[in-house]
Amino acid sequence: KVIILVTLECGTESLLQPDAELRSALLTLSAIFGVVVAVATLALAWVPSNTMPVPRPIDVGELLYLIPQALPIAVPIGLTIAIVLGLGASLSGRLAVWILSAAATCSVVSFLTLGWWAPASNQAYRTKIVGQEIAKGENELTLGELGARIEQIRAFDPAAPARRLSVLYHTRWALSVTPLVLAVFALAITRHSRRITVGSALGAVLVSSGFALLLIWTSYLAFRGSVPPSLGAWLPNITFLGMTAALTAYSRGHRADGVS
């Protein structure tokens, strides 16, 4: 027992007190992550503010209200690009633990943002635009309010699918897990190819964009009723987890062939 406790203590200490090489890798990852998330967040927040029926000058205050709804998309993009571009051959077990811990933290923050912060901020934005308090729309309902609204509809009519609200409800849960899913996928890519190339940079951007496009497509299918709301929301995560498993299996098989 003493040996186990000492081993665990030493392992925990080595994780919590990174050496110079690990600190350098973490700083590089953090810098890339911060830049990508900032750019992606501003771009995603600017789009809805620039698609108003009546053209309006850009208001920084109004733009700030739209940042929370952009973060759950921008954060997974930032994680993916940072991991693929920032690691190269420097990936180690300790660094992977730090990355996965950061990704898990991002998932928790995304859950709180999607569940409560973004709906409140969206409602504040709508109130500012209209100039008076208005009723909440679908995107302004908190996670609990969405669930309660779905239950109310089904209590009134058990056969009612409440499809649109169900898609939004499950999508918020699924997007909360996306930072962790894409981080694991990006780590699998990095383990497979240890060199940073133009192709890997382009691949990181395409992977992030591909996830967003896949989410749009599966959500569209769910809204139409072609697939269940839960499947439409979770299918992108499931797809990338499957790709991660396939890539990991391929890498292990390739290394085994090299050894033999």
Side-chain angles (χ1 to χ4, degrees), residues 40-41 44-45 47-53 62 65-77 103-104 106-182 208-243:
T41 299
L44 292 169
V47 171
S49 69
N50 198 50
T51 55
M52 301 291 290
E62 294 176 359
Y65 284 122
L66 297 174
I67 286 178
Q69 73 173 11
L71 279 174
I73 299 294
V75 167
I77 292 174
C106 288
S107 287
V108 172
V109 173
S110 292
F111 173 71
L112 296 175
T113 300
L114 289 161
W116 292 272
W117 185 23
S121 187
N122 287 345
Q123 180 65 10
Y125 174 76
R126 282 155 49 95
T127 300
K128 183 175 177 61
I129 294 295
V130 175
Q132 62 182 11
E133 192 69 30
I134 57 176
K136 290 183 177 182
E138 298 167 342
N139 293 321
E140 290 69 50
L141 296 174
T142 66
L143 194 61
E145 290 170 340
L146 262 179
R149 184 72 61 86
I150 293 171
E151 291 301 321
Q152 289 173 358
I153 294 174
R154 290 176 176 169
F156 179 77
D157 181 6
R163 183 178 299 118
R164 182 171 183 83
L165 293 178
S166 295
V167 173
L168 295 175
Y169 179 80
H170 288 289
T171 298
R172 292 191 192 182
W173 281 99
L175 274 178
S176 299
V177 185
T178 298
L180 193 54
V181 171
L182 286 189
S208 305
S209 304
F211 183 91
L213 291 174
L214 181 60
L215 178 61
I216 292 173
W217 180 62
T218 57
S219 297
Y220 170 73
L221 293 178
F223 283 134
R224 286 187 55 187
S226 301
V227 297
S230 56
L231 180 59
W234 285 95
L235 190 56
N237 283 341
I238 294 172
T239 300
F240 273 75
L241 285 176
M243 292 167 61

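Note that the numbering runs from 1 along the sequence shown for the chain. Because the structure is predicted, anything quoted here is derived from the model rather than measured.
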Hey, could you give me the OG/CZ distance between Ser166 and Arg149, rounded to the nearest 0.5 Å?
12.5 Å
For residues 229-240, dump all side-chain donor-acceptor pairs below 3.5 Å to protein atoms at least two apart in sequence or in another chain.
| residue | atom | partner | partner atom | Å |
| --- | --- | --- | --- | --- |
| Asn237 | OD1 | Thr178 | OG1 | 3.1 |
| Asn237 | ND2 | Ala174 | O | 2.9 |
| Thr239 | OG1 | Leu235 | O | 2.8 |

Yes or no on side-chain contact (heavy atoms from CB on, under 4.5 Å) for Leu215 and Leu175, after CA distance, side-chain angles and deciding distance?
CA-CA 9 Å; Leu215 178 61; Leu175 274 178; 3.8 Å; yes
Please report the closest heavy-atom contact between Gly137 and Arg126, naming both atoms and the distance.
N-NH2, 3.5 Å
Interatomic distance, Gln152 atom CD to Leu165 atom CG [nearest 0.5 angstrom]:
10.0 Å
Listed partners of Thr41 passing side chain to side chain contact (heavy atoms under 4.5 Å, CB included), at least two apart
Val37, Ile67, Ala70, Leu71, Ala74
To the nearest 0.5 Å, what is the distance between CZ (Phe223) and OG1 (Thr171)?
6.5 Å
Determine whether Leu114 and Leu143 satisfy the following criterion, side-chain contact (heavy atoms from CB on, under 4.5 Å), listing intermediate values before the conclusion.
CA-CA 8 Å; Leu114 289 161; Leu143 194 61; over 6 Å; no
Give a yes or no on whether the ring-centroid distance for Phe111 and Trp116 is below 6.0 angstrom.
yes
Which heavy atom in Ile150 sits nearest to a heavy atom in Ala162, and how many Å separate them?
CG2-CB, 4.2 Å
Please report the closest heavy-atom contact between Tyr65 and Lys128, naming both atoms and the distance.
CE1-CD, 3.5 Å
As an exercise, state the distance from OG of Ser176 to CG of Leu112, rounded to the nearest 0.5 Å.
8.5 Å
Looking at Gly115, is its backbone amide N or carbonyl O close enough to the side chain of Thr142 to form a donor-acceptor pair, meaning the two atoms are under 3.5 Å apart?
no
Atom pair CD (Glu138) and CG (Leu146), whose distance is rounded to the nearest 0.5 Å
8.0 Å
Qualifying residues under side chain to side chain contact (heavy atoms under 4.5 Å, CB included), relative to Tyr220, sequence neighbours excluded:
Arg224
Which atom names give the shortest non-hydrogen contact between Asn139 and Arg172, and what distance separates them?
O-NH2, 3.6 Å
Rounded to the nearest 0.5 Å, what separates atom NZ in Lys136 from atom OG1 in Thr127?
10.0 Å
Residues Ser107 and Leu180: closest non-hydrogen pair is OG-N, 3.4 Å
Which heavy atom in Gln123 sits nearest to a heavy atom in Ile134, and how many Å separate them?
NE2-O, 2.6 Å
Check for a donor-acceptor pair, side chain of Ser121 on one end and backbone N or O of Trp117 on the other, with a separation under 3.5 Å.
no
